[in-house]
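Just so it is clear, the values below take in all heavy atoms, side chains as well, and ignore hydrogens, waters and symmetry mates.
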Amino acid sequence: VGDSVNIKERTTGSGGGAMWDYVDINSVTVDPDPLKQFNVVACDNPALALKLRIGDVVDVKQFGALGNGVVDDTASIQAGINYGEGLTVIIPTGIYMIDAITSVSLRSNSTVEFMRGAEFHVITNSEINYECILITNTFGVVLINPVIKGDRNTHTGTEGEHGHGIQIFNTTNLKIYNPIIDDCWG
């Protein structure tokens with residue numbers, strides 16, 4: 001316990017290497033949802049587990065986001081954002097399908113940076129209001145290069161006008177750089 005090991009390949013996330021720590025199996029809580037078991041790997045020794053070590057910068061692919069334009073990536077992206085306050089969360093190149101009824105909620109003292117070619121696309125819905133990214137009751141948030149494409153052309157509802165790319169409430173010290181938001185319902 002306390003040693004670390006470098007895993008060269010993983011079966012989830014981006015497939016890149018990562019740092020893992022050996023930990024006592026009794027100190028780890030594993031989520032029963034297999035889609036959320038990204039950060040713990042069982043070992044041959046039943047008393048130990050490997051736990052993913054994540055620093056100040058996280059990539060949403062470490063949390064299972066695919067960015068393939070097909071799969072709903074909302075929960076994986078939210079898991080990356082929720083991993084800890086004060087993080088920089090990287091959205092790598094890809095089309096990330098977002099359930100704007102659930103929304104991606106940003107945390108205080110965090111930075112979310114969209115890399116070139118990274119986009120959030122709202123999953124078609126019929127709601128009268130939604131927000132792809134929700135920034136509420138926060139401070140010190142930085143959002144860099146967000147690209148959001150709404151569902152205006154595929155929206156299945158006929159009422160409402162409150163489909164937001166980014167919705168902001170009760171937030172201070174917010175910085176948004178170079179946003180591109182198109183075709184939201186509203």
Side-chain angles (χ1 to χ4, degrees), residues 7 10-21 23 25 27-41 49-68 70-115 118-123 125 127 129-148 164-177 179 181:
I7 304 294
R10 296 180 39 218
T11 58
T12 62
S14 65
M19 288 300 295
W20 296 74
D21 293 311
V23 295
I25 192 70
S27 70
V28 177
T29 302
V30 178
D31 194 302
D33 180 348
L35 295 176
K36 296 179 182 173
Q37 294 176 7
F38 61 86
N39 64 345
V40 176
V41 177
L50 291 174
K51 184 174 181 185
L52 180 62
R53 180 190 303 168
I54 298 179
D56 295 336
V57 177
V58 298
D59 178 324
V60 295
K61 290 194 173 189
Q62 291 176 280
F63 297 86
L66 298 177
N68 65 6
V70 178
V71 174
D72 180 352
D73 287 311
T74 311
S76 297
I77 292 168
Q78 192 65 59
I81 290 167
N82 289 348
Y83 192 77
E85 192 171 303
L87 294 176
T88 295
V89 179
I90 301 297
I91 312 293
T93 300
I95 305 297
Y96 297 86
M97 302 305 292
I98 302 298
D99 178 349
I101 299 164
T102 302
S103 306
V104 172
S105 296
L106 303 190
R107 290 180 60 127
S108 291
N109 294 319
S110 64
T111 298
V112 176
E113 183 171 359
F114 285 62
M115 298 289 101
E119 299 181 10
F120 281 5
H121 286 204
V122 172
I123 296 170
N125 66 72
E127 296 297 310
N129 61 349
Y130 65 72
E131 53 278 337
C132 185
I133 296 176
L134 180 61
I135 306 172
T136 185
N137 299 320
T138 61
F139 55 89
V141 172
V142 178
L143 186 57
I144 303 171
N145 303 323
V147 177
I148 300 170
H164 301 281
I166 302 172
Q167 191 166 55
I168 303 164
F169 290 109
N170 195 30
T171 295
T172 58
N173 197 20
L174 168 66
K175 297 175 184 173
I176 301 176
Y177 298 100
I181 303 170

* For Thr136, all residues meeting side-chain hydrogen bond (donor to acceptor under 3.5 Å, both in side chains), sequence neighbours excluded -> none
* For Thr74, enumerate each residue passing the side-chain contact (heavy atoms from CB on, under 4.5 Å) test, keeping only those at least two apart in sequence or located in another chain. => Asp72, Ile98, Asp99, Thr102, Val104
* Val112 vs Leu106 side-chain heavy atoms within contact, under 4.5 Å -> yes
* Structure fact -> Closest non-hydrogen atoms of Ser103 and Leu134, given as atom of the first, atom of the second and distance, are CB-CB, 4.2 Å
* To do: To the nearest 0.5 angstrom, please state how far the CD atom of Glu119 sits from the CD1 atom of Ile148.
  => 10.5 Å
* Mind checking what makes ring pair (Phe, Tyr, Trp, His ring centres under 6.0 Å) contact with Phe114, not counting sequence neighbours? -> Phe120
* To do: Can you see which heavy atom on Glu127 is nearest to which on Ile101, and at what distance?
  => CG-CD1, 3.3 Å
* Identify the two heavy atoms, one from Asn68 and one from Val71, that lie closest to each other, and give their separation to 0.1 Å. => OD1-N, 3.0 Å
* With sequence neighbours left out, what residues match Thr138 under side-chain hydrogen bond (donor to acceptor under 3.5 Å, both in side chains)? -> Thr171
* Structure fact -> Correct closest heavy-atom pair for Ile176 and Pro146 would be CG2-CG, 4.2 Å
* To do: Output the distance between atom CG (Leu174) and atom OG (Ser108), rounded to the nearest 0.5 Å.
  => 10.5 Å
* Does any N or O in the side chain of Asp73 come within less than 3.5 Å of the main-chain N or O of Leu66, such that one atom is a donor and the other an acceptor? -> yes
* Just jot down the side-chain hydrogen bond (donor to acceptor under 3.5 Å, both in side chains) partners of Asn82, sequence neighbours excluded, or say none. => Gln78
Side-chain donor/acceptor pairs under 3.5 Å, residues 86-97, sequence neighbours excluded:
residue, atom, partner, partner atom, Å
Thr93, OG1, Arg116, O, 2.6
Tyr96, OH, Pro92, O, 2.9

* Asked: Which atom pair, heavy atoms only, marks the closest approach of Cys132 to Gly165?
  -> CB-O, 3.3 Å
* Asked: Atom CG of Asn170 and atom CD1 of Ile168: how far apart are they, to the nearest 0.5 Å?
  -> 12.0 Å
* Taking C-beta and beyond as the side chain, do Tyr177 and Leu143 meet within less than 4.5 Å on heavy atoms? -> no
